[in-house]
Peer 1: 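What follows is a structure written as structure tokens; I'll ask about it next.
Read the numbers this way: they start at 1 and go in the same order the structure lists the ligands and their atoms. Remember, it's a predicted structure, so these values are computed and weren't measured experimentally.
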Amino acid sequence: MSKLVIEGEHRLNGAVHIHGAKNSALPILAATFLAGESCEIENCPLLSDVHAAIKILEHLGCRVERDGHTVCINASQAQGYEVPDTLMREMRSSIVFLGAIAAKSGKAHLTFPGGCELGPRPIDLHLAALRQLGLHIDEEGGRLLCRVHDRLVGCPISLSFPSVGATENILLAAVTARGTTTIFNAAREPEIVDLCNFLTACGARIRGAGEGTIVIEGVDRLHGCRHRVIPDRIETATYMGAAAITGGSLLLKDIYPEHVQALIPVFEETGCQVTAWRDELLVNAPGRLRRIRTVRTLPYPGFPTDAQALIMALTCVAEGTSVFIETIFESRYKHVCELMRMGANIKVEGRVAVVEGVSTLSGTAVECTDLRGGAALVLAGLAAGGTTEITQLHHLERGYEAMAQTLAGVGAHILYDGADV
Ligand code: UD1
């Protein structure tokens, strides 16, 4: 079984390049299915989830070529409409293909993406919105059998919650629908803006990306384009955390500081000094972190749920008591048990977690419970006394490219699978 072995208590120092955003790359890859010509997607991270999205595109009949971080997709001959259950399960966000497949192929046969490590992950908002656009959806024994009569038709859609995935599915279905679609209470995440920029470069007509109301005027067809995926703000947060928890100093390069604005005051509250330039950010950490009064996860531009576990790792060794309120996902504290194995003092009651900082964590054997929970264990391992062994790495591989090599490059004592990195 592959594992990461970390010898903690080494201060990190140096510069880290941040990769393209997984959560942008996935919907953009799904969107390339809509374009009638080739698309070239640059800065695509090398991750298992991206690989799964490419497999779905190939299964649908696209020609896909990959050269390092650039992926070329030609969907001009692709007429597929079915995604097998094995591929749907490989990547939880595979549901974002639904809007694109239905719009292009006129029908779509998918299976439910299923529950996940963050608790139940319903898609009711996706399905209700697509039905409003005229998609007929039969739900049969875990399968979604969808068909379009003639063409999808634009309409006003109000989301009861600004769901990222639902907003993406509506965008993909609406860009080539007949007439105008207005999304009220749309998600405002930078990944939504990136998807809209990609679609616009392909000829779509979209206004209001990044705002609560997005207006899409349907066009007959999309053409190809070249697009560069935005930097990953959660990978950025992770390495900010690595600097903070080791009392270190890391310069994060090729990022958009404005995408981590909600995190900067939180790091400053712990005593870190954060300096931002145009596309770089420097984090200088104090000897001992201070507690954070309250972290409440919220839709963008609020504090991201994907950074909750990361910041919790810091508070485990901070001076004082910190409180977390998880408002986005029902069950996003699975990493707590693993952090407690390392000596953390955490109490969870429903959506609230209270962390009493301890002076030191101790290395031991722990398991990744999910992607960001796994990254939190890596952070904890970097600070812990002794050796931390982390297994169930497939979670980490979904979202972090070359994490062990990157950390080793800035001074971490970390081995992958027992071999020096
Ligand atoms: C995306 C991100 C994920 C991030 C999340 C919130 C990707 C691949 N994943 O996930 O990393 O943590 O946004 O920022 O981009 N909900 C419903 N019904 C629906 C859809 C969502 O009840 O039809 C609920 C979910 O259960 C959850 C909340 O809405 O409680 C947020 O979900 P959503 O914004 O849709 O997140 P994802 O798109 O799944």
Peer 1: Side chain, backbone, both or neither: which applies to V164 and ligand 1 if a contact is any heavy-atom pair less than 4.0 Å apart?
Peer 2: both
Peer 1: Considering both backbone and side-chain atoms of S163, is one of its nitrogen or oxygen atoms within less than 3.5 Å of a nitrogen or oxygen in ligand 1?
Peer 2: yes
Peer 1: Ion pair present between R147 and D138, side-chain N to carboxylate O less than 4.0 angstrom?
Peer 2: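 Yes, this pair counts.
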Peer 1: Under 4.0 Å from a heavy atom of S93: give me the atoms of ligand 1 that qualify, with their elements.
Peer 2: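 Near S93, meaning under 4.0 Å from one of its heavy atoms, ligand 1 has 8 (C).
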Peer 1: Using heavy atoms and a threshold below 4.0 Å, how should the contact between T305 and ligand 1 be classified: side chain, backbone, both, or neither?
Peer 2: side chain
Peer 1: Only heavy atoms of G165, strictly under 4.0 Å: list the atoms of ligand 1 that pass.
Peer 2: 35 (O), 38 (O)
Peer 1: Any salt bridge between K55 and E90, counting N to O under 4.0 Å?
Peer 2: yes
Peer 1: Would you call E326-R351 a salt bridge at under 4.0 Å N-O?
Peer 2: no
Peer 1: So does E349 have more than 12 non-hydrogen atoms from other groups sitting under 6.0 Å from CD?
Peer 2: no
Peer 1: Would one find an N or O of N23, backbone or side chain, under 3.5 Å from an N or O of ligand 1?
Peer 2: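 Yes, since at least one N or O of N23 sits under 3.5 Å from an N or O of ligand 1.
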Peer 1: Does at least one non-hydrogen atom of E191 fall below 4.0 angstrom from an atom of ligand 1?
Peer 2: no
Peer 1: If you count the atoms of ligand 1 from 1 in the order shown, which ones are under 4.0 Å from a heavy atom of I123?
Peer 2: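 Listed by number with element, the hits are 19 (C), 23 (O).
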Peer 1: I'd like to know if R290 and E269 make a salt bridge, using a cut-off of under 4.0 Å between side-chain N and carboxylate O.
Peer 2: no
Peer 1: Atoms of ligand 1 less than 4.0 Å from R332 heavy atoms?
Peer 2: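 Those of ligand 1 that fall under 4.0 Å from R332 are 12 (O).
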Peer 1: Flag the pair E356 and R291 as a salt bridge only when some basic side-chain nitrogen lies within less than 4.0 angstrom of an acidic carboxylate oxygen.
Peer 2: no
Peer 1: Applying a 4.0 Å heavy-atom criterion (strictly less than), which segment of Y300 is in contact with ligand 1: side chain, backbone, both, or neither?
Peer 2: neither
Peer 1: Judging by distance only, is a nitrogen or oxygen of L125 under 3.5 angstrom from one on ligand 1?
Peer 2: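 Checking ligand 1 against L125, an N or O pair does fall under 3.5 Å apart.
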Peer 1: Would you call D370 and K334 a salt bridge, taking side-chain N to carboxylate O under 4.0 Å as the test?
Peer 2: no
Peer 1: Hey, does P122 sit under 4.0 Å from ligand 1 if you only count heavy atoms?
Peer 2: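 Flag set, P122 near ligand 1.
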Peer 1: Please check if atom CZ in R131 has more than 12 non-hydrogen atoms from other residues, nucleotides or ligands closer than 6.0 Å.
Peer 2: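 Above 12, so yes.
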Peer 1: Would you say ligand 1 has an N or O under 3.5 Å from any N or O of P162?
Peer 2: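 No, P162 has no N/O under 3.5 Å of an N/O on ligand 1.
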Peer 1: Under a 4.0 angstrom heavy-atom cut-off, which atoms of ligand 1 come close to F161?
Peer 2: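 That gives atoms 28 (C), 29 (O), 31 (C) of ligand 1.
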Peer 1: At a non-hydrogen distance cut-off of under 4.0 Å, which region of I234 contacts ligand 1 (side chain, backbone, both, or neither)?
Peer 2: neither
Peer 1: Could you pull out all residues at least two apart from R341 that satisfy salt bridge (charged side-chain N to carboxylate O under 4.0 Å, His left out)?
Peer 2: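 Only E338 meet the salt bridge (charged side-chain N to carboxylate O under 4.0 Å, His left out) criterion with R341.
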Peer 1: Determine all donor-acceptor pairs shorter than 3.5 Å in which one atom belongs to a side chain in residues 15-29; sequence neighbours excluded.
Peer 2:
| unit_1 | atom_1 | unit_2 | atom_2 | d |
| --- | --- | --- | --- | --- |
| H17 | ND1 | D254 | OD2 | 2.6 |
| H19 | ND1 | E235 | OE1 | 3.4 |
| H19 | ND1 | E235 | OE2 | 2.8 |
| S24 | OG | D194 | OD2 | 3.0 |

